[in-house]
A.B. asks: 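Following this message is one structure expressed as structure tokens.
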Amino acid sequence: MEKKNIDWENLGFGYIKTDKRYVSKYVDGKWSDGVLTEDDTITMSECACVLQYAQTIFEGLKAYTTQDGKIVVFRPDLNAQRLANSARRMEMPVFPEEKFVEAVEQVVKANAAFVPPYGTGATLYLRPYMFGSNPVIGVKPADEFEFRVFCTPVGPYFKGGAKPLTIKVSDFDRAAPHGTGFIKAGLNYAMSLHAIVTAHKEGFDENMYLDAATRTKVEETGGANFLFVTKDNKVVTPKSDSILPSITRRSLMTVAKDYLGLEVEEREVYFSELKDFAECGLCGTAAVISPVGKIYDHGNEICFPSGMEKMGPVTQKLYDTLTGIQMGRLEAPEGWIKVIE
Ligand SMILES: *Cc1c(COP(=O)(O)O)cnc(C)c1O
């Protein structure tokens, strides 16, 4: 298969239109057979539920070329499961999990020429999503929905290596107790835009959100979960019902335990503990782990011993091991890698 003429090494993290996308529609209580289409536009009513009341959810995952030239996708079954959970909370019909994985597979296959070659640092980012498409003016869920998957090639999240980030403790909240923080819904992002623009204007890379009820516990950033490393090399991640369960973070916890032999803990993490930790990272599909060097809290700074030049040693090992698994350099746990034939 001939690859597209793209400067893979210099790709940014942006949208590039690819050849095919997958569409299935939910009408009269059932999902239509999905089709691949070249049409990258969507036509719907001006009163569509998604436009008026933001009834929309999404997923994000990647396809890679491995060292031996296979195209693989990382744990798509977990994205299928998470989209189903998001759908239930948003009063949307569940898209069958096996059909989700098939849709992802079809989109990768149909756009194989856009899957970046091994060693370029680039990957094919996949975006499954679902939205309420029929007109709704009184507040209620839509009756008709579309499930779609498109893809776009993206460059390495950090060009020239990952420089540690500086993040600020936000004065805004991301998620309420008993709210929607644990699902991947567009609405959680819409309301974070002001907080992120504010943080950037002030010169910070990201926001750290605390628990909305007590503002004493660490939750996550706008789009990534936290991992901390204690001074005695324990890997700790915050536990809360309002955190989005990152597949990268869950995978890294397994890697820490089973590949690196480290002790791992998922528990409430108090902000007051952070000054005693050795390393801090943000985990998500886009960057795998981004190291955090410094946290700014209303005039006070917490500087991690790992510093502002490079990842801490444990963070680096976690990063190398997980990317090694994804790129086929290390043996993967059962079921983590789906080969696209
Ligand atoms: C998507 C997302 C993450 C990262 O999840 P991954 O499955 O690792 O990509 C973390 N936090 C939020 C709020 C997210 O939306």
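Both counts, for ligands and for their atoms, begin at 1 and track the order of listing.
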A.B. asks: Quick one: list whatever passes ring pair (Phe, Tyr, Trp, His ring centres under 6.0 Å) with F204, sequence neighbours left out.
C.D. replies: Y296
A.B. asks: Who's touching ligand 1 if we go heavy atoms under 4.0 Å?
C.D. replies: R82, R174, K184, Y189, E220, G222, G223, A224, N225, L244, S246, I247, T248, G284, T285
A.B. asks: Measure the spacing between CD of E97 and CD of Q81 and express it to the nearest 0.5 Å.
C.D. replies: 5.5 Å
A.B. asks: Aromatic rings F304 and F228: how do their planes relate, parallel, tilted or perpendicular, breaks at 30° and 60°?
C.D. replies: tilted
A.B. asks: Please determine if R249 and E266 form a salt bridge, counting it only when a charged side-chain N lies under 4.0 Å from a carboxylate O.
C.D. replies: yes
A.B. asks: For residues 325-341, dump all side-chain donor-acceptor pairs below 3.5 Å to protein atoms at least two apart in sequence or in another chain.
C.D. replies:
| residue | atom | partner | partner atom | Å |
| --- | --- | --- | --- | --- |
| Q326 | NE2 | Y64 | OH | 3.3 |
| R329 | NH1 | Y118 | OH | 3.1 |

A.B. asks: Does D258 have any side-chain hydrogen bond (donor to acceptor under 3.5 Å, both in side chains) partners at least two apart in sequence or in another chain, and if so, which?
C.D. replies: none
